Amino acid sequence: MSKNKALTSRSDDFSAWYNEVIARAELADHSPVRGCMVIRPNGYAIWEHMQQDLDRMFKDTGHENAYFPLFIPQSFLAKEAEHVEGFAPETAVVTHGGGKELEEPLVVRPTSETIIYAMFSKWIQSWRDLPVLMNQWANVVRWELRTRLFLRTTEFLWQEGHTAHATEAEAEEEALRMMGVYRTFMEESIAMPVITGLKSDSERFAGAVRTYAAEALMQDNKSLQAGTSHNLGQNFAKAFDTTFQTEAGGLDHVWSTSWGVSTRLIGGLIMTHSDDNGLVCPPRLARYQVVIVPIYRTDEQRAGVVEAAERIQLELRAAGIRVHLDTRDDMKPGAKYYEWEGRGTPFRIELGPRDLEAGTVVIAKRTGGKEPVPMEGLAANVNERLESLQRELFEAAHARREANSLRGATREQLREFIAGDGGFVYAGWCGSEQCEADIKADTKATIRVLPDEEFRSAEAPGTCVWCGKPSVAEAVWAKAY
RNA sequence: CGGGACGUGGCGCAGUCCGGUAGCGCACUGCAAUGGGGUUGCAGGGGUCGCGGGUUCAAAUCCCGCCGUCCCGACCA
């Protein structure tokens with residue numbers, strides 16, 4: 001229902017603003033269990049649209065869906081040394097079932113590599129069985145110390161892709177391909193620009209050989225890790241003895257990958273686009289792309305206006321537009337405007353007696369501006385506007401990111417930039433964990449990625465921004481979520 | 001898990017210092033008018049004051065413990 005209080009502004013308190021946007025748009029709420037969230041219909045609709053877009057892209061690249069169990073024998077987690085070290089501290093463990101203590105405790109999956117490779121080893125015998133390209137949509141649990149709605153919750157929804165290949169090159173290709181899929185999805189569906197690249201060893205997934213990531217800059221100039229794709233080498237195959245007979249007749253361990261994105265993306269969407277009036281949702285993912293608000297005084301007017309609104313609703317639906325007609329009689333139009341604005345609905349169509357007479361409707365854009373447009377050809381008009389808003393949101397976010405990026409920084413500039421407004425700092429890195437740790441201790445910024453070629457600076461840095469020794473790669477530093 | 005703040009009808013808050021039996025705004029219900037950017041008026045309903053224990057004739061208020069939320073750290077999708 002409509003609230004009477006303005007949101008805290010982004011500049012006053014970004015965290016408070018973030019929480020208030022979620023509350024006003026009715027995206028999620030806290031559950032009675034610490035750190036867990038209830039995803040409400042307005043939030044879940046966004047997730048469903050994300051799922052639809054991603055699922056289609058996964059299938060278009062040859063993947064198939066399956067489902068693996070929630071419970072994993074505790075011993076499985078321990079089979080891969082780095083993996084258990086990384087995840088054991090944050091697992092929830094079931095020790096009792098049916099009133100009895102279990103012989104072996106069950107871990108509630110924090111991620112499913114272990115159970116999946118255990119199964120893969122049963123299913124894969126020959127090079128002819130490869131590649132295996134699998135995905136699952138699931139919930140996972142990680143006992144995080146500090147939680148925030150969507151960004152870090154104890155339980156969250158995600159997809160995890162798991163693939164097995166005959167060669168190292170194929171696995172590497174797959175890991176990069178899926179990073180590309182994520183990037184396309186983030187740019188085109190979420191309208192959220194990302195920088196893709198390789199993670200440093202300290203940020204690598206526990207058990208991976210290489211981790212690729214997509215990083216997005218939020219409106220508070222902190223970076224959000226939006227998705228990761230891992231080349232797991234033969235690490236899990238060796239731990240779970242996932243072997244196959246090669247074409248030449250030998251025996252080899254499979255080469256595998258895993259990749260995932262989560263409901264965290266909804267947090268990224270919020271912090272990329274929303275404003276001090278509430279949620280701004282990109283049209284591609286919006287529950288309703290258009291809301292029609294009829295305006296009338298008398299019963300006669302109401303009948304005419306609602307009839308016209310219903311006709312428009314059908315016309316837009318037929319054109320594939322997700323549209324809602326708000327016929328609530330107990331709310332004035334202005335109150336409805338505020339409510340739908342807070343919910344992030346991209347466009348509002350106002351339709352009153354004056355419009356009927358003129359053969360027009362008024363179209364108001366969530367990000368500002370409204371104008372009368374003819375009823376003739378409305379669906380095409382609206383579809384154009386939806387596409388153009390989708391582009392505008394991406395371009396605005398992209399421009400904001402570039403305006404808050406610093407290239408070729410010196411040590412002092414890095415410090416000042418991060419201590420000031422913040423953003424992405426591009427600079428040389430010597431490759432040592434010591435410099436990485438020192439920079440973190442000094443500035444709180446971490447290496448987000450060693451960016452892919454297209455994101456790198458025109459002039460490659462020659463020296464490490466911190467120690468001055470020769471640089472092995474350009475790195476992007478930022479404070480992160 | 002360390003530091004800080006907070007927890008009072010659905011939401012936002014006052015009352016807590018100085019103990020005396022709970023109040024305001026919004027929301028909600030009813031009626032009437034109103035209706036192109038948060039509509040008025042009148043009349044209503046709703047609260048074990050986060051939970052548990054203690055002190056007291058008496059606890060939202062004082063004391064102890066716990067739980068939760070938010071912020072800042074350390075850890076992380």
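Throughout, protein chains are lettered first and strands after them, A, B, ... in sequence-line order, and every chain is numbered starting at 1. Keep in mind the model is a prediction, meaning the values are calculated, not measured.
One interatomic measurement links the two molecules: CG of D330(A) to C1' of C31(B), which rounds to 15 Å at whole-angstrom precision. H30(A) has its NE2 atom 15 Å from the C1' atom of C67(B), to the nearest Å. The CD-C1' distance, from E20(A) to C71(B), rounds to 14 Å in whole Å. Distance, M331(A) CE to G37(B) C1': 12 Å, rounded to whole Å. Between the CZ atom of R24(A) and the P atom of A27(B) there is a distance of 13 Å, rounded to whole Å. Taking atom CG of D29(A) as the reference point, atom P of U69(B) lies 12 Å away to the nearest angstrom. Taking atom CG on D326(A) and atom C1' on G35(B), their separation rounds to 14 Å, with Å as the unit.
When the options I292(A), I321(A), V306(A) are evaluated for a side-chain contact (heavy atoms from CB on, under 4.5 Å) with Q313(A), the one that passes is I292(A).
E371(A) meets the side chain to side chain donor-acceptor pair (under 3.5 Å) test with R385(A); sequence neighbours excluded. For the side chain to side chain donor-acceptor pair (under 3.5 Å) test, residues two or more places apart in sequence or in another chain that qualify with T61(A) are H63(A). For E173(A), the side chain to side chain donor-acceptor pair (under 3.5 Å) partners are R177(A), not counting sequence neighbours.
For residues 270-283 of chain A, every residue pair satisfying the salt bridge (charged side-chain N to carboxylate O under 4.0 Å, His left out) rule, not counting sequence neighbours, is listed here: R10(A)-D276(A), D275(A)-R366(A). Applying the ring pair (Phe, Tyr, Trp, His ring centres under 6.0 Å) test to residues at least two apart or on different chains, the pairs with a partner in residues 193-213 of chain A are H83(A)-F205(A), F87(A)-F205(A), F205(A)-H230(A). Residue pairs meeting the salt bridge (charged side-chain N to carboxylate O under 4.0 Å, His left out) criterion with at least one partner in residues 207-236 of chain A, sequence neighbours excluded, are E172(A)-R210(A), K199(A)-E215(A), E215(A)-R448(A). Evaluation of the salt bridge (charged side-chain N to carboxylate O under 4.0 Å, His left out) test over residues 72-94 of chain A, restricted to residues two or more places apart or in two chains, returns E82(A)-R204(A). Applying the side chain to side chain donor-acceptor pair (under 3.5 Å) test to every pair with at least one member in residues 43-52 of chain A, sequence neighbours left out, gives these pairs: H49(A)-R322(A).
In a base pair of the Watson-Crick type (N1 to N3 plus N6-O4 or O6-N4) or a G-U wobble (N1-O2 and O6-N3), with each distance short of 3.5 Å, C70(B) is matched with G4(B). With a 3.5 Å ceiling on both atom-pair distances, U34(B) lacks any Watson-Crick or G-U wobble partner. Both distances falling under 3.5 Å, in either a Watson-Crick or a G-U wobble arrangement, place G20(B) opposite C57(B). In a base pair of the Watson-Crick type (N1 to N3 plus N6-O4 or O6-N4) or a G-U wobble (N1-O2 and O6-N3), with each distance short of 3.5 Å, C28(B) is matched with G44(B).
Between the side chains of R148(A) and S15(A), at least one donor N or O lies within less than 3.5 Å of an accepting N or O. The closest side-chain donor-acceptor pair between D55(A) and N65(A) falls under 3.5 angstrom.
With C1' as the reference atom, G47(B) and C13(B) are 15 Å apart, rounded to whole Å. For the C1' atoms, the distance linking U69(B) with C28(B) amounts to 25 Å, nearest Å. When the P atom is compared between G50(B) and A33(B), the two are found 43 Å apart, to the nearest whole Å. Taking the C1' atom of each, G41(B) and G68(B) are spaced 41 Å apart, rounded to whole Å. On the P atoms, C62(B) is 15 Å away from C49(B), given to the nearest whole Å. Across G38(B) and A43(B), the matching P atoms stand 25 Å from one another, rounded to whole Å. Rounded to the nearest Å, the gap between the C1' atom of U48(B) and that of U40(B) is 37 Å. The gap from the P atom of G19(B) to that of C31(B) amounts to 48 Å, rounded to the nearest Å.
Contact annotation for P89(A): no contact, since no heavy-atom pair falls under 4.0 Å across all strands. The residue G260(A) sits apart from the nucleic acid: no heavy atom pair falls under 4.0 Å. Residue-level contact check: L224(A) touches neither bases nor backbone, having no heavy atom under 4.0 Å from any strand. Within 4.0 Å (heavy atoms only), V140(A) reaches no atom of the nucleic acid at all. Backbone-only contact: Q225(A) has heavy atoms under 4.0 Å from sugar-phosphate atoms and none from a base.
Of the candidate nucleotides U39(B), G37(B), A77(B), A77(B) has the atom lying nearest to any side-chain atom of R264(A). Listed nucleotides C71(B), G37(B), G36(B) differ in distance to N19(A); the shortest reach to its side chain belongs to C71(B).
With RNA chain B read from its 5' end, the first of the two nearest nucleotides for R354(A) and R204(A) is the one closest to R354(A). The residue among T154(A) and D329(A) whose nearest nucleotide of RNA chain B is located toward the 5' end is D329(A).
The base of G37(B) lies close enough to the side chain of E341(A) for a donor and an acceptor atom to sit less than 3.5 Å apart. For G37(B), its base sits under 3.5 Å from the side chain of R348(A) at one donor and acceptor pair at least.
At least one cation-pi condition fails for R348(A) and W340(A): the charged atom is not both under 6.0 angstrom from the six-membered ring centre and inside a 45 degree cone around its axis.
Contacts of residues 366-375 of chain A with RNA chain B (heavy atom under 4.0 Å): K370(A). Shown for residues 280-298 of chain A: residues whose heavy atoms fall under 4.0 angstrom of RNA chain B, namely I295(A), Y296(A), R297(A). Taking every heavy atom of residues 34-49 of chain A and every atom of RNA chain B, pairs under 4.0 Å involve R34(A), G35(A), by number.
A stacked arrangement is not assigned to Y337(A) and the six-membered base ring of G38(B), the conditions of a centre distance below 5.5 Å and an interplanar angle below 30° not being jointly met. With centres under 5.5 Å and a plane angle under 30°, the ring of Y338(A) is stacked against the base of G38(B).
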Set out, line by line, the N/O atom pairs under 3.5 Å between protein and nucleotides 72-75 of chain B.
from	atom 1	to	atom 2	distance (Å)
C72(B)	OP2	R146(A)	NH2	2.4
C75(B)	OP2	K440(A)	NZ	3.3

> Is there a salt bridge (Lys or Arg N to Asp or Glu O under 4.0 Å) between K365(A) and E392(A) once you walk through the steps?
Replying inline: CA-CA 12 Å; K365(A) 183 159 73 165; E392(A) 283 167 32; 2.6 Å; yes
> Stepwise, does the side-chain hydrogen bond (donor to acceptor under 3.5 Å, both in side chains) test hold for Y288(A) with D326(A)?
Replying inline: CA-CA 11 Å; Y288(A) 301 120; D326(A) 187 351; over 6 Å; no
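The 12-atom threshold is not exceeded at CD of E376(A), counting heavy atoms of other residues, nucleotides or ligands nearer than 6.0 Å.
A salt bridge is absent between E315(A) and R311(A); no separation between the charged side-chain nitrogens and carboxylate oxygens falls under 4.0 Å.
Under the 30°/60° scheme for interplanar angles, the aromatic rings of W17(A) and F14(A) are found to be tilted.
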